[in-house]
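Working notes for the structure below.
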Amino acid sequence: MDLETFAAVDAFVEEALVPHDVALQGALDAAEAAGLPGIQVSPPQGRLLQMLARLQGARMVLEFGTLGGYSTILLARALPEGGRLITLEANADYAEVARGNIERAELADVVELRVGPALEALPALADEGAGPFDLSFIDADKVNTPNYFAWALDHSRPGSLIVADNVVRGGSLAEADSADEAAQAQRRLHEMLAEEPRVTATTIQTVGSKGYDGFTLALVDAS
Ligand code: SAH
Ligand code: DHB
Ligand code: MG
């Protein structure tokens, strides 16, 4: 099995189950034209995010890491009338591309994009009394995933779902002596989850067009 096979299956699944969408394709094209890295969730993963938002009955979503707004648009579209999504992006150039994509997807009234390092945006969000968030999607700088998880948990309600992307990292999650700081951060996330009485969590390994990785799901039991 190799990346070519994983990518072919993702392409098959996309072709079979994920209808072509002008706004989403436009968002990907604009991101590529602007030179953004193509590291957004794959179409099948994006579909899963949308389904999780719907299963949650999510009205308030928090996203860490906007990039060109691909996952943002998917999540925002899963919200009911009156739903809101706040997305945090450190890179001002990426944020500008995302803003255009969100506007063209006619989601400017649903999505609030805040530019700057997510950790610096969180105190203001807390001061404003933002949340509780029904769904948080953690997909920014991977070394801070444990910090984002802690904040998201504190701004959740019983029943909220926290999703963290890119936790398996080619298998380095299982390497205690990994020299990769991002891998060590995912190990720390798992230590936090193990000790955290407020959540039930699991991690699912994935293969696909983005290689071998995985995501963590944490369901908030009490807060
Ligand atoms: N969620 C997007 C992909 C995000 S890629 C999608 O699936 O479509 C990760 C993003 O996190 C990048 O755009 C990167 O610029 C951003 N990022 C990196 N460090 C950050 C930080 N400290 N705060 C907020 N965003 C950050
Ligand atoms: C990277 C970030 C992601 O969110 C992802 O899904 C894959 C790769 C990255 O920063 O390289
Ligand atoms: Mg990711």
Side-chain angles (χ1 to χ4, degrees), residues 3 6-7 10 18 21 23-32 34-50 52-53 61-78 85-102 105 107 111-125 135-152 162-173 180-183 185-186 189 203-217:
L3 183 61
F6 304 153
D10 256 0
V18 186
D21 184 287
L24 281 173
Q25 191 54 54
L28 291 178
D29 291 346
E32 197 182 343
L36 272 58
I39 53 176
Q40 66 282 343
V41 291
S42 70
Q45 288 169 345
R47 202 19 101 79
L48 175 64
L49 276 181
Q50 282 192 308
L52 291 172
V61 172
L62 177 60
E63 178 179 66
F64 298 81
T66 317
L67 191 65
Y70 183 75
S71 57
T72 312
I73 291 169
L74 287 166
L75 285 167
R77 282 180 170 176
L85 185 152
I86 297 175
T87 185
L88 308 174
E89 173 54 53
N91 184 309
D93 296 331
Y94 295 2
E96 199 178 303
V97 174
R99 219 179 277 290
N101 285 335
I102 291 160
L107 290 165
V111 175
E112 185 185 335
L113 170 56
R114 297 195 181 193
V115 185
L119 275 183
E120 292 175 22
L122 295 177
L125 274 185
L135 175 67
S136 298
F137 178 45
I138 300 174
D139 195 25
D141 49 327
K142 309 308 167 184
V143 289
N144 274 313
T145 294
N147 296 324
Y148 300 148
F149 169 77
W151 197 92
I162 302 171
V163 182
D165 196 22
N166 312 115
V167 301
V168 174
R169 317 196 63 74
S172 53
L173 178 63
D180 175 9
E181 279 180 36
Q186 307 321 310
L189 170 71
T203 293
I204 299 298
Q205 305 180 66
T206 56
V207 294
S209 52
K210 295 181 69 180
Y212 171 39
D213 210 328
F215 57 88
T216 295
L217 293 182

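When a ligand or atom number is given, it counts from 1 through the structure's own listing order. Not measured: the values here are computed from a predicted model.
Nearest heavy atom pair, residue Val97 against residue Ala34, reads CG2-CB, 3.6 Å. Taking every heavy atom of both residues into account, Val115 and Ala90 meet most closely at CG1-O, 4.3 Å. Pairing each heavy atom of Ala98 with each of Thr66, the nearest pair is CB-CG2, 3.8 Å.
Scanning all protein heavy atoms for the shortest distance to atom 7 (O) of ligand 1 gives Val41 N, 2.9 Å. At the top of the distance list for atom 19 (N) of ligand 1, counting protein heavy atoms only, stands Asp141 CB, 3.3 Å. The protein heavy atom nearest to atom 25 (N) of ligand 1 is Ala90 N, 3.2 Å. Of all protein heavy atoms, the one closest to atom 12 (C) of ligand 1 is Glu89 OE1, 3.6 Å. For atom 5 (S) of ligand 1, the nearest non-hydrogen atom of the protein is Ile39 CD1, 3.6 Å. Among all protein heavy atoms, the one lying closest to atom 3 (C) of ligand 1 is Asp139 OD2, 3.2 Å. With hydrogens left out, the protein atom closest to atom 4 (O) of ligand 2 is Asp139 OD1, 2.6 Å, a heavy atom. Scanning the protein heavy atoms around atom 11 (O) of ligand 1, the nearest turns out to be Ala140 CA, 3.3 Å. Closest to atom 1 (C) of ligand 2, if we only count protein heavy atoms, is Ile39 CD1, 3.6 Å. Nearest non-hydrogen protein atom to atom 6 (C) of ligand 1 is Ser71 OG, 3.0 Å.
At a heavy-atom cutoff of 4.0 Å, ligand 2 is contacted by the side chain of Lys210 but not by its backbone. Contacts of Asn166 with ligand 2, taken as heavy-atom pairs under 4.0 Å, involve the side chain alone. By the criterion of a heavy-atom distance under 4.0 Å, the backbone of Thr66, and not its side chain, is placed next to ligand 1. Under 4.0 Å from ligand 2, not a single heavy atom of Val41 appears.
Less than 4.0 angstrom separates some heavy atom of Tyr148 from each of these atoms of ligand 1: 21 (C), 22 (N), 23 (N). Each of the following atoms of ligand 1 lies closer than 4.0 Å to a heavy atom of Tyr94: 13 (O), 15 (O). Of all atoms in ligand 2, listed by their number and element, those nearer than 4.0 Å to a heavy atom of Asp165 are 6 (O). Listed by atom number, the atoms of ligand 1 under 4.0 Å from Gln40 heavy atoms are 6 (C), 7 (O), 8 (O). Atom numbering of ligand 1 starts at 1 in the shown order; those under 4.0 Å from a heavy atom of Ala118 are 21 (C), 22 (N), 23 (N), 24 (C).
In this structure, Phe137 and Thr72 have side chains that are not in contact, with every pair of non-hydrogen atoms separated by 4.5 Å or more. Looking at Leu75 and Leu85, their side chains come closer than 4.5 Å, going by heavy atoms from C-beta outward. Tyr212 has its side chain out of reach of Leu3: every pair of non-hydrogen atoms, C-beta onward, lies at least 4.5 Å apart. Between Gln40 and Leu24 there is no side-chain heavy-atom pair separated by less than 4.5 Å.
A salt bridge does not link Lys142 with Asp180: none of the charged nitrogens is closer than 4.0 Å to a carboxylate oxygen.
Residue Ser71 does not count as close to the Mg ion (ligand 3), with no N, O or S atom under 2.8 Å.
Every residue meeting the side-chain contact (heavy atoms from CB on, under 4.5 Å) condition with Asn91, not counting sequence neighbours, appears here in chain and number order: Glu89, Asp93, Tyr94.
With the Mg ion (ligand 3) as the vertex, atom OD1 of Asp139 and atom OD2 of Asp165 span an angle of 100° (nearest 10 degrees).
With Thr87 as the partner, the side-chain contact (heavy atoms from CB on, under 4.5 Å) test is satisfied by one option alone out of Leu67, Val61, Leu113: Leu113.
In this structure, Glu181 places its CD atom where only 12 or fewer heavy-atom neighbours from other residues, nucleotides or ligands lie under 6.0 Å away. Atom CD of Glu32 sits in a sparse spot, with 12 or fewer heavy atoms from other residues, nucleotides or ligands closer than 6.0 Å.
Checking Asn101 against Tyr70 by side-chain atom types alone, no donor-acceptor pair falls below 3.5 Å.
Distances between N or O atoms of Pro117 and those of ligand 1 include no value under 3.5 Å.
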